[in-house]
Amino acid sequence: MQRVQQIKKLGRQAQKGFTLIELMIVVAIIGILAAIAIPQYQDYTARTQVARAVSEMGAYKTAFEDRLSNGAAVAALADIGFVQSNLYADPNVPANVNTGAFVWSSTLTTDAGTNKNASPSVAGATINWQRQDTGTWRCFVTASNNAGWKPSYAPSGCPIGQAI
């Protein structure tokens, strides 16, 4: 009789833990969310890296203009206070920059040896700031040849284009 009462008590105890099917459903939901979220996050990261490079390079326009208005040439990156970025290679300083039009450009790159950390999908894209003879500036991006490149990576203020 005592044995029967013990068995009945076991049947009345509350369930503790999760069943296998409940755990499998949770894992499936997490997998589906990850399949959607990871590509979206990678696109977001690529877009922000291009926008950051455009912004960083655009900040040097003032230093260029200051040097030009004072009649000084820009012969080296140090002349404009350039600080190395971890996204793009050191920009090209156009030869004999003292007046007129020129293009200030750099290429986004991924290179562990030099700590360049651009996303592989944007590596190879070139950010260009073009100064016109009139002193106005224009920004454009030369698209990457990588398979992962998407036109939406170029910021709206710096579209994909070419020098005028």
Side-chain angles (χ1 to χ4, degrees), residues 10-66 74 76-94 97 101-132 135-164:
L10 288 175
R12 284 185 259 156
Q13 288 181 350
Q15 175 187 352
K16 295 179 182 175
F18 298 103
T19 65
L20 179 61
I21 191 70
E22 290 170 334
L23 291 174
M24 289 175 62
I25 290 170
V26 169
V27 168
I29 291 171
I30 291 171
I32 291 168
L33 291 175
I36 294 168
I38 290 173
Q40 291 296 324
Y41 178 73
Q42 289 171 335
D43 280 356
Y44 169 78
T45 302
R47 277 194 314 273
T48 57
Q49 285 180 344
V50 175
R52 178 183 143 199
V54 167
S55 176
E56 285 180 6
M57 289 185 64
Y60 296 107
K61 294 184 305 184
T62 304
F64 267 114
E65 291 296 334
D66 183 52
V74 178
L77 293 172
D79 293 343
I80 56 169
F82 179 74
V83 177
Q84 196 170 39
S85 173
N86 68 342
L87 287 179
Y88 52 85
D90 288 354
N92 302 324
V93 176
V97 177
F102 58 88
V103 176
W104 156 256
S105 67
S106 183
T107 301
L108 294 167
T109 184
T110 301
D111 185 359
T114 57
N115 294 324
K116 302 300 180 191
N117 302 325
S119 169
S121 57
V122 299
T126 303
I127 308 299
N128 304 280
W129 280 97
Q130 181 180 33
R131 184 183 189 276
Q132 309 293 323
T136 59
W137 288 83
R138 175 181 172 263
C139 179
F140 61 96
V141 175
T142 304
S144 171
N145 291 329
N146 289 339
W149 173 263
K150 295 179 183 175
S152 65
Y153 292 163
S156 58
C158 191
I160 297 172
Q162 295 185 5
I164 300 175

Quiz item: Any donor and acceptor pair, going by atom type alone, linking the side chain of Q49 with main-chain N or O of S119 inside 3.5 Å?
Solution: yes
Quiz item: Counting only N and O atoms by type, is there a donor-acceptor contact under 3.5 Å from the side chain of S55 to the main-chain atoms of A51?
Solution: no
Quiz item: Are T107 and T109 close enough, and set up right, to give a side-chain hydrogen bond (donor to acceptor under 3.5 Å, both in side chains), and what steps lead you there?
Solution: CA-CA 6 Å; T107 301; T109 184; over 6 Å; no
Looking at side-chain heavy atoms only, is the closest gap between [X] and [Y] below 4.5 Å?
X    : Y    : answer
V122 : W149 : yes
Y41  : T45  : yes
V141 : N128 : no
W129 : Y60  : no
S144 : L108 : no
M57  : S106 : yes

Quiz item: How long is the gap from CG on D43 to CD1 on I38, to the nearest 0.5 Å?
Solution: 12.5 Å
Quiz item: So how far is it from T19 OG1 to I25 CD1, rounded to the nearest 0.5 Å?
Solution: 7.5 Å
Quiz item: Which class fits the ring pair F64 and F102: parallel under 30°, tilted 30 to 60°, perpendicular over 60°?
Solution: tilted
